[in-house]
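Worksheet: the structure to be examined is printed underneath.
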Amino acid sequence: MITAGSIEANPDGFTLTDSDFEAIADFAYKHFGLSMSSSKKPLVSARLARQLRQQKVTNFKEYLDRLNGKNSAKERSDLLSLLTTNVTHFFREPHHFETLRTDVLPKLIDKAKSGGRVRIWSAGCSKGPEPFSMAMLIHSMLPDVGRYDFKILGTDIDPQVVSFAQAATYPAEDIAQIPAEYKTLVPQLEAGGKMPEHLRSMITFGVLNLIEPFPFKGKFDAIFCRNVAIYFDTPTQQKVWQAFQRSLTPGGYLFIGHSERMSGPAERHLKAAGITTYIHTPSSGGAQ
Ligand SMILES: C[S@@+](CC[C@H](N)C(=O)[O-])C[C@H]1O[C@@H](n2cnc3c(N)ncnc32)[C@H](O)[C@@H]1O
């Protein structure tokens with residue numbers, strides 16, 4: 001990378017001016033909620049240069065025209081993938097799954113058994129290991145879960161990772177990350193590492209942008225949104241926390257990522273209940 005004043009030239013010869021960078025950063029903020037300071041300029045220049053070459057686009061202005069043009073869905077999702085990471089793995093941050101096992105699921109299983117509706121949401125689920133980890137755990141505690149109204153929703157803004165999650169086929173190195181105590185929960189992995197039907201049938205995957213109003217009528221008993229809000233600035237994070245709080249049942253749980261912090265109006269209704277874990281207590285803070 002060669003930096004000349006306010007202009008980034010990369011080895012591919014594409015030049016990212018300050019105004020190009022600002023236009024890309026504005027686009028990412030408006031459409032995805034991503035917050036990018038000018039320190040990200042070299043990274044953006046390097047990552048997008050390859051994309052420009054592949055798309056046979058000659059400069060960043062033309063690229064921006066494409067992003068803002070019609071039929072730009074694929075270009076937009078490629079940009080999002082280039083600016084964020086989809087890193088995830090099965091049973092990531094295991095303490096949350098332990099809380100789910102000991103504090104959350106016993107109550108939800110009772111609720112389901114007494115005819116209630118149970119919903120858990122993995123928001124920003126990437127390629128799906130997070131909701132599949134939940135499904136394994138739930139299935140281990142309630143093997144006949146299919147008899148009850150007990151479902152998991154997995155959503156992500158990126159249609160490419162959602163398609164991967166729907167295919168539910170994981171390479172051996174991903175499966176190897178499942179801790180030994182949970183390995184027994186996926187004894188019937190199908191050919192090529194496809195998650196078994198009894199787990200797949202518990203989960204619905206879909207594309208959803210967390211900075212837009214949520215389309216749900218019902219509430220969730222637990223929401224995992226981990227390592228997603230890290231890309232947002234504080235005002236956007238606070239809006240998203242509040243939207244989650246409003247989407248939780250009383251007593252519902254919110255789990256966030258290890259480097260994320262709760263703040264803003266939602267704090268009045270979300271009481272800390274463990275490491276980066278919050279319980280919805282609507283009565284403690286007045287009106288919702
Ligand atoms: C690092 S992954 C986290 C995956 C999983 N939650 C975990 O902790 O392992 C971050 C995911 O957030 C998604 N994401 C980024 N901005 C988003 C937005 N505005 N709405 C929904 N998902 C978003 C990305 O596409 C990516 O798949």
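We count residues from 1, following the sequence as given. Because the structure is a prediction, the values reported are computed rather than measured. Counting starts at 1 for both ligands and their atoms, following the listed order.
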Answer yes when Asp221 and Arg117 have at least one side-chain N-carboxylate O distance shorter than 4.0 Å, and no when they do not.
no
Ala23: partners by side chain to side chain contact (heavy atoms under 4.5 Å, CB included), with sequence neighbours left out:
Leu64
So, are Asp78 and Lys74 salt-bridged, with charged N and O less than 4.0 Å apart?
yes
Among His258, Glu260, His96, Arg261, find the one that has a side-chain hydrogen bond (donor to acceptor under 3.5 Å, both in side chains) with Thr276.
His96
Show the short N or O contacts, below 3.5 Å, that ligand 1 makes with protein N or O atoms; if there are none, say 'none'.
| residue | atom | partner | partner atom | Å |
| --- | --- | --- | --- | --- |
| ligand 1 | 6 (N) | Gly124 | O | 2.8 |
| ligand 1 | 6 (N) | Glu130 | OE1 | 3.2 |
| ligand 1 | 6 (N) | Arg226 | O | 2.9 |
| ligand 1 | 8 (O) | Arg92 | NH1 | 3.1 |
| ligand 1 | 8 (O) | Arg226 | O | 3.1 |
| ligand 1 | 8 (O) | Asn227 | ND2 | 2.8 |
| ligand 1 | 9 (O) | Thr88 | OG1 | 2.6 |
| ligand 1 | 9 (O) | Arg92 | NH1 | 2.8 |
| ligand 1 | 19 (N) | Phe32 | O | 2.9 |
| ligand 1 | 19 (N) | Asn209 | OD1 | 3.0 |
| ligand 1 | 20 (N) | Leu210 | N | 3.0 |
| ligand 1 | 22 (N) | Ile157 | N | 3.4 |
| ligand 1 | 25 (O) | Asp156 | OD1 | 2.6 |
| ligand 1 | 27 (O) | Asn86 | ND2 | 3.0 |
| ligand 1 | 27 (O) | Asp156 | OD1 | 3.4 |
| ligand 1 | 27 (O) | Asp156 | OD2 | 2.7 |

How about Glu267 and Gln245: does a side-chain donor come under 3.5 Å of a side-chain acceptor?
no
Value rounded to 0.5 Å, distance of CD1 in Ile157 from CD in Glu212:
7.5 Å
